[in-house]
Amino acid sequence: MSDTNPVQGSCLCGSVTIKAELPSSDLGVCHCSMCKKWSGGPLLAVDCQTSVEISGEEHISVFNSSDWAERGFCSNCGSHLFYRLKETQQYSVPAGIFELPPEVTMTHQIFIDEKPTYYSFANETRNITGLELVTEFSGE
């Protein structure tokens with residue numbers, strides 16, 4: 001994959017479209033309790049940084065899921081659209097929203113300590129606990 005790769009996609013009903021420039025071919029998985037409740041299982045997402053263009057914003061509802069992040073969904077069909085950090089406006093978008101290029105690879109899993117035992121992924125990934133993730137981002 002080149003330095004960035006343009007991708008686009010939409011919600012289930014097509015009311016909201018998202019275009020982004022993926023900075024890498026990495027796909028991540030989150031096993032935290034909020035993502036599991038939000039998606040019904042692990043959240044497979046791509047990091048879009050801040051290079052996101054959204055059309056159909058009048059169909060987006062935003063839920064403040066924590067002090068630091070919010071989650072957007074289509075108010076028509078309920079599709080999950082993004083997880084966005086409030087301070088930096090950095091987007092993680094569910095992988096299924098986009099037509100992703102074949103070189104995209106699952107490279108890491110976060111909150112691995114909250115992953116239930118009833119599923120596993122076969123490929124090797126970097127596995128990061130919740131504490132390790134918080135420590136990495138807080139610079140401690």
Side-chain angles (χ1 to χ4, degrees):
M1 199 153 116
S2 64
D3 288 348
T4 61
N5 196 20
V7 292
Q8 61 182 6
S10 69
C11 63
L12 188 59
C13 71
S15 294
V16 179
T17 59
I18 300 177
K19 294 180 182 179
E21 294 281 336
L22 299 183
S24 76
S25 59
D26 295 348
L27 182 143
V29 178
C30 184
H31 303 284
C32 80
S33 60
M34 281 193 279
C35 281
K36 288 186 295 196
K37 283 183 184 256
W38 189 48
S39 68
L43 177 64
L44 284 71
V46 289
D47 178 12
C48 298
Q49 302 282 318
T50 57
S51 67
V52 174
E53 181 183 320
I54 298 175
S55 299
E57 289 182 355
E58 68 274 16
H59 301 288
I60 297 176
S61 292
V62 175
F63 173 69
N64 289 309
S65 57
S66 66
D67 290 340
W68 59 88
E70 54 197 6
R71 296 165 191 264
F73 61 93
C74 175
S75 58
N76 281 341
C77 66
S79 293
H80 303 150
L81 300 170
F82 57 80
Y83 170 91
R84 180 174 54 205
L85 296 174
K86 293 177 184 178
E87 185 175 330
T88 62
Q89 295 296 296
Q90 181 176 340
Y91 286 79
S92 289
V93 176
I97 293 286
F98 297 126
E99 296 292 327
L100 293 174
E103 60 270 17
V104 169
T105 305
M106 184 190 324
T107 59
H108 60 283
Q109 298 180 61
I110 61 174
F111 289 92
I112 195 70
D113 50 322
E114 294 185 31
K115 185 188 89 51
T117 58
Y118 54 80
Y119 66 81
S120 293
F121 295 108
N123 52 315
E124 292 290 321
T125 62
R126 180 175 174 218
N127 294 328
I128 306 163
T129 67
L131 180 59
E132 290 168 335
L133 185 70
V134 170
T135 301
E136 184 177 320
F137 282 101
S138 68
E140 293 176 8

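Note that the coordinates shown come from a computational prediction; the quantities given were computed from them, not determined experimentally.
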Side-chain donor/acceptor of [X] to backbone N/O of [Y], under 3.5 Å:
X      : Y      : result
Ser79  : Leu12  : yes
Asp113 : Gly130 : yes
Thr125 : Asn127 : no

Under 4.5 Å between side-chain heavy atoms, hopping through other hydrophobics if needed: is there a path connecting [X] to [Y]?
X      : Y      : result
Leu100 : Phe121 : yes
Trp68  : Leu133 : no
Leu43  : Met34  : no

Taking the side chain as everything from C-beta on, heavy atoms only, tell me whether [X] gets closer than 4.5 Å to [Y].
X      : Y     : result
Cys48  : Leu22 : yes
Met106 : Val29 : yes
Thr105 : Asp26 : no

Roughly how far, to the nearest 0.5 Å, is [atom2] of [Y] from [atom1] of [X]?
X      : Y      : atom1 : atom2 : result
Cys74  : Leu81  : SG    : CG    : 6.5 Å
Leu27  : Glu103 : CG    : CD    : 12.5 Å
Ser92  : Ile110 : OG    : CD1   : 7.5 Å
Gln109 : Glu124 : CD    : CD    : 10.0 Å

Residues in side-chain hydrogen bond (donor to acceptor under 3.5 Å, both in side chains) contact with [X], at least two apart in sequence or another chain:
X      : answer
Gln8   : none
Tyr118 : none
Glu114 : none
Thr129 : Glu132

* To do: For residues 50-59, pull every pair meeting side chain to side chain donor-acceptor pair (under 3.5 Å), keeping only residues two or more places apart or in separate chains.
  => His59-Asn76

* Contacts of Thr88 that satisfy side-chain contact (heavy atoms from CB on, under 4.5 Å) - sequence neighbours left out -> Leu85, Gln90

* Could you give me the CA-CA distance, side-chain angles and deciding distance for Ile54 and Thr17, then say whether side-chain contact (heavy atoms from CB on, under 4.5 Å) is met? => CA-CA 6 Å; Ile54 298 175; Thr17 59; over 6 Å; no

* Asked: Can you list every pair that meets salt bridge (Lys or Arg N to Asp or Glu O under 4.0 Å) and has a residue in residues 36-52, with sequence neighbours left out?
  -> none

* What residue pairs, at least two apart or across chains, pass salt bridge (Lys or Arg N to Asp or Glu O under 4.0 Å) with a residue in residues 84-96? -> Glu70-Arg84

* Structure fact -> The residue among Cys30, Ser120, Cys32 that forms side-chain contact (heavy atoms from CB on, under 4.5 Å) with Lys115 is Ser120

* Just wondering, are more than 12 heavy atoms of other shown residues or ligands nearer than 6.0 Å to CG in Asp67? -> no

* Please determine if Glu136 and Arg126 form a salt bridge, counting it only when a charged side-chain N lies under 4.0 Å from a carboxylate O. => yes

* So which heavy atom on Cys13 is nearest to which on Ser15, and how close? -> SG-OG, 3.1 Å

* Asked: Which atom names give the shortest non-hydrogen contact between Pro101 and Asn5, and what distance separates them?
  -> CG-ND2, 2.8 Å

* Shared-cluster residues of Ile112, by chain and number - hydrophobic side chains joined below 4.5 Å -> none

Name all pairs fulfilling the ring-ring contact (aromatic ring centres under 6.0 Å, His included) condition that reach into [range], sequence neighbours left out, sorted by first residue then second.
range           : value
residues 94-114 : none
residues 9-33   : His31-Tyr119
residues 71-95  : Trp38-His80, Phe82-Tyr91

